[in-house]
Amino acid sequence: MSQVKSQYEAYPYPARDPADEARRLITGSPSHPLEIDHFLFSGARDWSRPLRVLVAGGGTGDGLIQLAQMMAQMQRPCEITYVDLSTASRRIAEARAKARGLSGIRFVTGSLMDAADLGAFDYIDCCGVLHHLPDPAAGFAALQAALAPEVATQGGGLGFMVYAPYGRAGVYPLQAAFGALFEGMAPEARLTAAREIVGALPTGHPFARNPNLGDHKESDAGFYDLLLHSQDRAFDVPELLEVLDHGGWALGGFTMPALYDLARIAPVPPHLTPAQCMAVAEQLRGTIKTHVAYAVPKGSHHAPPTGQNRAAVPHLKGVQAAPLAQAIARVAAPKLTFAGIDANLSLPKEAAPLIAAIDGRRSIAQIIASARMDPISAGALWARLHKELGDWGLLLYSRALL
């Protein structure tokens with residue numbers, strides 16, 4: 001791991017300036033509070049209880065700052081421990097937290113392999129780290145050992161991102177070539193030499209033709225992390241499910257299940273298992289470059305809400321209720337774009353009043369009542385709305401604001 005540590009001391013990743021905290025909050029998945037509740041607590045967590053969080057391999061702090069800031073805005077108690085090998089990355093994360101006046105964060109320089117020594121946690125964030133370990137399965141197991149015992153019955157788990165192979169076409173041949181060419185060179189010299197070679201790649205090279213990748217264009221840290229990393233691997237769906245299992249986890253859900261829904265791409269043969277269907281969908285998509293998901297301890301009975309519980313409180317994530325309702329009312333299938341994938345929302349115009357009433361406070365039953373619709377037909381309509389918006393990561397359930 002010495003090379004990995006040296007890389008992140010020289011080029012903390014992602015490149016962040018603490019001064020930028022005054023003008024924007026970087027948000028995403030995992031570790032959005034609504035997602036945590038939806039995927040790991042069945043949308044029914046008691047948010048008066050402090051959320052004990054480990055940010056494992058926190059880098060320059062994107063996941064840490066997002067979660068700490070949102071919990072502060074919601075005025076919900078939260079205790080966060082950040083750990084990372086890189087002192088340079090830690091300094092940036094600390095400066096970002098200080099710029100926002102965030103408290104309740106313990107900063108540790110160390111390895112996620114020692115996670116169990118840092119405490120017992122309800123939720124663990126590990127974004128963009130496990131694929132850089134010499135033994136990712138051991139990393140998953142180390143994080144599982146850091147969960148609080150009550151997680152198995154009360155809910156909780158892991159939010160993670162690991163690389164996926166097909167959307168990263170061209171990356172790994174370049175990593176291998178640069179590893180052979182630049183062995184023993186200092187990070188700065190490796191970067192200069194690699195930039196020159198990448199600039200002269202033939203137009204037919206898989207990397208040059210891959211529109212899904214952009215980190216190498218944004219910063220030196222992004223270029224180094226993408227193309228000069230000394231320890232990097234990607235997981236297809238079967239490999240991901242296997243490494244989760246070996247580490248004591250089960251998949252709680254991908255944040256955007258529609259990407260893995262084979263029925264949206266091709267007819268589903270009856271002989272394929274659900275896991276095989278996801279694997280085939282990934283192969284047919286061909287553009288998925290990261291798997292962003294949540295995992296629960298094996299044997300956990302907490303699963304994402306299905307929308308059948310009328311007491312559940314729905315939230316929209318990434319879209320506003322009024323504009324989305326207006327779009328549904330005007331157009332049968334409004335177009336959305338997710339990470340380079342175009343999608344059309346297939347919802348009838350009758351769903352618009354239900355969407356317009358989603359405010360993060362009212363339950364499904366209250367929303368149906370406010371729309372003054374027949375409960376039976378409205379229930380069937382909600383099931384369609386739940387499936388379509390939920391599969392694209394736009395609809396989550398949580399009592400976070402209650």
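Along the sequence shown, residues are numbered consecutively beginning with 1. Since the model is a prediction, treat every value here as computed from it, not as a measurement.
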Check this for me: [X], atom [atom1], are more than 12 non-hydrogen atoms of other residues, nucleotides or ligands nearer than 6.0 Å?
X	atom1	value
E9	CD	yes
R24	CZ	yes
K98	NZ	no
Q73	CD	yes

Of all the heavy-atom pairs spanning [X] and [Y], show the shortest one and how long it is.
X	Y	result
L284	I265	CD1-CG2, 3.9 Å
S398	W47	OG-NE1, 3.8 Å
M278	L251	CE-CD2, 4.4 Å
R362	A357	NH2-O, 3.1 Å
L102	I105	CB-CD1, 4.2 Å
E21	I65	OE1-CG2, 3.7 Å

Chi angles and distances behind the side chain to side chain contact (heavy atoms under 4.5 Å, CB included) call for I364, W382: CA-CA 8 Å; I364 298 173; W382 187 269; 3.4 Å; yes

Just wondering, do [Y] and [X] contact through their side chains at under 4.5 Å, heavy atoms?
X	Y	value
R100	L25	yes
H132	R233	no
V53	I124	no
N309	T306	no
D20	R96	no
L259	F254	no
M71	P77	no
L51	I80	no

Full working for side chain to side chain contact (heavy atoms under 4.5 Å, CB included) between D62 and C127: CA-CA 9 Å; D62 282 2; C127 187; over 6 Å; no

Identify whether NZ of Lys or CZ of Arg in [X] sits under 6.0 Å from the centre of the six-membered ring of [Y] and within 45° of that ring's axis.
X	Y	value
R168	Y163	yes
R209	F207	no
R190	F178	no

K387 and D391: salt bridge (Lys or Arg N to Asp or Glu O under 4.0 Å), yes or no, with the steps? CA-CA 6 Å; K387 170 69 174 171; D391 276 9; 2.8 Å; yes

Mind checking the [atom1]-[atom2] spacing from [X] to [Y]? Nearest 0.5 Å is all I need.
X	Y	atom1	atom2	value
R264	N344	CZ	CG	10.5 Å
I288	Q283	CD1	CD	10.5 Å
I36	D122	CD1	CG	10.0 Å
I92	D17	CD1	CG	8.5 Å
L244	E239	CG	CD	12.0 Å
C126	M161	SG	CE	9.5 Å

Could you tell me whether R45 and D37 make a salt bridge, using a distance below 4.0 angstrom between a side-chain N and a carboxylate O?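 Salt bridge between R45 and D37, a charged N being under 4.0 Å from a carboxylate O: no.
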
Does [X] reach the main-chain N or O of [Y] with its side chain, forming a donor-acceptor pair under 3.5 Å?
X	Y	result
R195	A193	no
D84	G58	yes
R399	V313	no
E388	L347	no
H246	A137	no
S89	S86	no
Q69	Q66	no
Q175	L226	yes
K298	D245	yes
Q326	P323	no

Kindly assign one of parallel, tilted or perpendicular to the pair [X] and [Y], based on the angle between their ring planes and the thresholds 30° and 60°.
X	Y	answer
F39	Y294	parallel
F41	H302	perpendicular
F160	F140	perpendicular
F107	Y82	tilted

Go through Y172 and H229 one step at a time and tell me if the ring pair (Phe, Tyr, Trp, His ring centres under 6.0 Å) criterion holds. CA-CA 10 Å; Y172 294 105; H229 211 291; over 10 Å; no

Run the side chain to side chain contact (heavy atoms under 4.5 Å, CB included) test on D125 and L54 for me, step by step, so that the C-alpha distance in whole Å, both residues' side-chain angles and the decisive distance to 0.1 Å come before the verdict. CA-CA 6 Å; D125 167 287; L54 174 65; over 6 Å; no

Are [X] and [Y] linked by a side-chain donor-acceptor pair shorter than 3.5 Å?
X	Y	result
S48	D46	yes
T287	N212	no
S219	Y13	no
T255	E35	no
Y8	D225	yes

Applying side chain to side chain contact (heavy atoms under 4.5 Å, CB included) to E196 and L191, what does each step give before you reach the verdict? CA-CA 9 Å; E196 184 175 347; L191 179 67; over 6 Å; no

Of the options E282, R285, H291, which is the one that meets Y260 in a side-chain hydrogen bond (donor to acceptor under 3.5 Å, both in side chains)?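 Testing Y260 for a side-chain hydrogen bond (donor to acceptor under 3.5 Å, both in side chains) against E282, R285, H291 leaves exactly one candidate, H291.
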
Check against salt bridge (Lys or Arg N to Asp or Glu O under 4.0 Å), E150 and R49: CA-CA 13 Å; E150 58 268 29; R49 294 188 296 110; over 6 Å; no

